[in-house]
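In this text, all values refer to a predicted model and were calculated from it rather than measured experimentally. Lettering follows sequence order; numbering is per chain, from 1.
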2 protein chains.
Amino acid sequence: MTSPQFESQIRHHLAVHGVRYTRGRQTVVAALARMDGPRSAAELYDQLERTLPLSSLYRSLAVLAEAGVLSPHHGTKGLTRYELAEWLMGHHHHLVCIDCGAVDDVQLPPDLETTLERLVATVAADRFVATGHALEIDGRCAACA
Amino acid sequence: MTSPQFESQIRHHLAVHGVRYTRGRQTVVAALARMDGPRSAAELYDQLERTLPLSSLYRSLAVLAEAGVLSPHHGTKGLTRYELAEWLMGHHHHLVCIDCGAVDDVQLPPDLETTLERLVATVAADRFVATGHALEIDGRCAACA
DNA sequence: TTCCTTGCAAACGATTTGCATTGGA
DNA sequence: TCCAATGCAAATCGTTTGCAAGGAA
């Protein structure tokens with residue numbers, strides 16, 4: 001199912017947060033771990049061959065996101081897609097193809113990530129308490145260029 | 001209503017695109033021009049004191065976005081917020097409140113924007129033809145902090 | 001006239017919730 | 001045991017659409 005290392009990290013994380021890791025929730029996490037990008041409730045529903053009711057799916061996604069295991073990603077058409085949180089997947093940014101819509105992950109070289117973090121801190125400064133950031137780079141992927 | 005310079009630029013842009021600049025559409029643009037960040041249909045509806053029916057509002061937003069006068073921004077809670085396109089507003093980034101979902105515009109100081117552009121160019125490098133970028137800074141706004 | 005736009009209400013699709021039942025610590 | 005999780009169906013909420021009436025060219 002889920003890669004074993006995620007399995008134990010998540011189990012521990014949820015235990016600490018007093019959240020049960022039930023079969024339904026494990027199923028959702030396992031499905032997402034198999035994916036190569038964020039997925040919506042409907043997409044997971046299909047992927048799981050409709051064995052898990054949509055309402056349960058939504059509830060699992062909400063609980064797991066609340067617990068910090070998943071992070072929601074709001075995309076086109078009002079769909080919310082979820083992916084494993086950054087502490088599991090690693091901090092990354094997105095390359096979004098303006099032609100085909102494909103989303104690729106990019107990890108910045110440490111020095112650039114540091115630069116970006118300093119930049120964010122400077123900008124947020126007094127008017128805002130920054131807790132995170134996301135850089136989206138728009139352009140054309142190799143296939144579309 | 002709308003700052004006169006926007007008024008004429010938009011009017012010309014729409015004429016070129018064969019799209020009428022009706023009173024309803026002018027109202028929507030004027031309302032957005034007064035805002036300091038992207039706004040959803042519901043927010044504009046309230047701002048306009050419910051004088052403009054929601055369905056008309058949605059239709060105006062769709063037409064104006066399609067014509068390139070507005071750009072949509074998909075945010076928390078499945079809401080789509082719109083703002084004047086960058087060719088009108090100038091390039092900027094967003095501060096997004098993770099509690100209330102409010103979105104504020106930030107313009108980076110020129111040196112930081114330059115830094116960011118260099119960073120983007122470096123990252124995109126060979127695998128991607130970058131045409132733009134968007135930095136989202138997540139955190140808590142003054143009201144929610 | 002001939003399109004395009006508007007308003008109202010009904011329709012939609014994604015997500016949430018009430019409630020009775022099941023399951024896990 | 002006992003509270004949390006689940007499933008189903010009904011309810012919500014943002015958004016879209018059908019249709020008839022109101023402009024503008």
Self-check item: Nearest-angstrom distance from the residue atom CZ of A/Arg23 to C1' of D/dT6
Solution: 11 Å
Self-check item: Non-hydrogen side-chain atoms of B/Val16 and B/His12 separated by less than 4.5 Å
Solution: yes
Exercise. List the protein contact pattern of nucleotides 9-22 of chain D with one symbol per nucleotide (5' to 3'): B for base contact, S for sugar-phosphate-only contact, - for none; contact means a heavy-atom distance under 4.0 Å.
Key: B----SBBBB----
Quiz item: Expressed in angstrom and rounded to an integer, what is the separation of B/Leu64 atom CG from C/dT5 atom C1'?
Solution: 13 Å
Quiz item: Any sub-3.5 Å donor-acceptor pair from B/His92's side-chain atoms to B/Gly90's backbone N or O?
Solution: yes
Quiz item: Could you give the CG-to-C1' distance, from A/Leu57 to D/dC8, as a whole number of Å?
Solution: 15 Å
Sequence neighbours left out, cut at 3.5 Å: what donor-acceptor pairs do the side chains of residues 128-144 of chain B make with other protein atoms?
unit_1, atom_1, unit_2, atom_2, d
B/Thr131, OG1, A/Asp138, O, 3.3
B/His133, NE2, B/His91, NE2, 3.1
B/His133, NE2, B/Glu113, OE2, 3.0
B/Arg140, NE, B/Asp99, OD2, 2.8

Quiz prompt | Spacing of A/Arg25 atom CZ relative to C/dG23 atom C1', expressed in whole Å | solution = 12 Å
Practice problem: Give the nucleotide from the list D/dG7, C/dT5, D/dT6 with an atom nearest to the side chain of A/Leu52. | Solution: D/dG7
Let me have the donor-acceptor pairs involving side chains of residues 44-51 of chain B, under 3.5 Å, with sequence neighbours excluded, atom names and distances please.
unit_1, atom_1, unit_2, atom_2, d
B/Asp46, OD1, B/Arg50, NH2, 3.1
B/Thr51, OG1, B/Leu48, O, 2.6

Exercise. For B/Asp104 and B/His94, test the side chains for any donor-to-acceptor distance below 3.5 angstrom and give the result as yes or no.
Key: no
Quiz item: Can you find a heavy atom in the side chain of A/Leu32 that is under 4.5 Å from one in the side chain of A/Glu83?
Solution: no
Practice problem: Check the distance between D/dT6's P and A/Gln26's CD and give it to me in whole angstrom. | Solution: 10 Å
Quiz item: Rounded to the Å, how far apart are A/Arg50 CZ and D/dC8 P?
Solution: 15 Å
Exercise. Using only side-chain N and O atoms of A/Thr22, determine if any of them is under 4.0 Å from OP1 or OP2 of D/dA5.
Key: no
